[in-house]
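Have a look at the structure below before the remarks.
We name chains A, B, ... by the order of the sequence lines, and we start the count at 1 in each one.
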Protein chains: 2
Amino acid sequence: MNTDNTKSQMRKGMLEYCIMLLLRQQPCYANDIIQKLHEADMIVMEGTLYPLLSRLKRDGLLGYEWRESTQGPPRKYYVLTDDGHEALAQLDASWEEILRTVNILKS
Amino acid sequence: MNTDNTKSQMRKGMLEYCIMLLLRQQPCYANDIIQKLHEADMIVMEGTLYPLLSRLKRDGLLGYEWRESTQGPPRKYYVLTDDGHEALAQLDASWEEILRTVNILKS
DNA sequence: TTAAGTACCTTGCGATACAAGGTATTCATA
DNA sequence: TATGAATACCTTGTATCGCAAGGTACTTAA
């Protein structure tokens, strides 16, 4: 059975949205994001996260700043840019649309 | 801006779920599915749908039967198998989990 | 017999999640 | 001072999947 595969497929496209939702609330560095998404029942791997953050940065949706850590090397804290907030608003709309679609199909 | 791309990414993983939701209600052939999903605000292309249906069939989640058409060649009507219903129930759970995740991240 | 419509399917491409592996910095300890 | 562990960032290779484009086959009507 490929249910696990499908399940991960369902989560796939949601990742970018979820990460931006998280960053809307507070700046985070990679391990923050992994942990907080995990607490919200969404698993994300390092090898997935770093390229995704780089892409969002390259597209101008995220910025970052280095912050010293009390333990270990400095951390890259990512923040939503203005463009990022704008894009996220559109993704909110897309999410509502998906909600609507699923509700229609379930009714 | 890559919002359109992200939007389609968000829909990506949902397609399989939406198609199975649709088939839970009634047997459909390809053009039925495309049209009904369209009515529910979800766009799906032929080149996407056929391989997906074949895969679900191969995995034993769907079956099909040929039915004559009053206009044109016969149609392949797909139906959920018992395994399909079972898998769909698990996807329902996954969907609830994603709902929960997004709600947590939005709060 | 030919053209249009309908239906099913395949191929090639781009995007992306993931596993595995790699580099660099910090700090504690031998 | 040297070394090992912990932390943090990043890259590479693979598999999967949606999509655009193109192809095959059957039916009906002109």
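- In this structure the side chain of E46(A) reaches within 4.5 angstrom of the side chain of N31(A), judged on heavy atoms.
- Distance K76(A) NZ to dT7(D) C1': 15 Å, rounded to the nearest Å.
- Comparing dC8(C), dC9(C), dC10(D) by their nearest atom to the side chain of R75(B) picks out dC8(C).
- Across all non-hydrogen atoms, the minimal contact from P74(A) to W66(A) is O-CZ3, 3.7 Å.
- The CG atom of L49(A) sits 17 Å away from the P atom of dT7(D) (whole-angstrom rounding).
- Across all non-hydrogen atoms, the minimal contact from M14(A) to V102(B) is CE-CG2, 4.0 Å.
- The side-chain heavy atoms of I33(B) and L53(B), taken from C-beta on, include a pair separated by under 4.5 Å.
- Spacing between atom CD1 of I34(B) and atom P of dG18(D) amounts to 13 Å, rounded to whole angstrom units.
- The two residues L105(A) and C18(B) make their nearest non-hydrogen contact at CD1-CB, 3.5 Å.
- The separation between Y50(A) atom OH and dT16(C) atom C1' is 18 Å, rounded to whole Å.
- A centroid separation of 6.0 Å or more is found between the aromatic rings of Y64(A) and Y77(A).
- At least one side-chain heavy atom of R24(A) sits less than 4.5 Å from a side-chain heavy atom of D92(A).
- Side chain of Q25(A) to backbone of S107(B): a donor-acceptor contact under 3.5 angstrom is found.
- When the P atom of dC19(D) is taken as reference, atom CG of L53(B) falls 13 Å away, rounded to whole Å.
- A heavy-atom distance below 4.0 Å to DNA chain C is reached by none of the residues of residues 17-24 of chain B.
- Atom OH of Y64(A) is separated from atom C1' of dA8(D) by 14 Å (rounded to the nearest Å).
- Counting to the nearest Å, the C1' atom of dC17(D) and the CE atom of M14(B) are 15 Å from each other.
- Residue Y29(A) has a polar side-chain atom (N or O) positioned under 4.0 Å from OP1 or OP2 of dA8(D).
- Taking atom CE of M10(B) as the reference point, atom C1' of dC17(D) lies 17 Å away to the nearest angstrom.
- Counting only heavy atoms from C-beta outward, the side chains of L22(A) and D32(A) never approach each other to under 4.5 Å.
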Distances for protein N/O vs nucleotides 17-26 of chain C N/O pairs under 3.5 angstrom?
{"from": "dC18(C)", "atom 1": "OP2", "to": "T48(A)", "atom 2": "OG1", "distance (Å)": "2.9"}

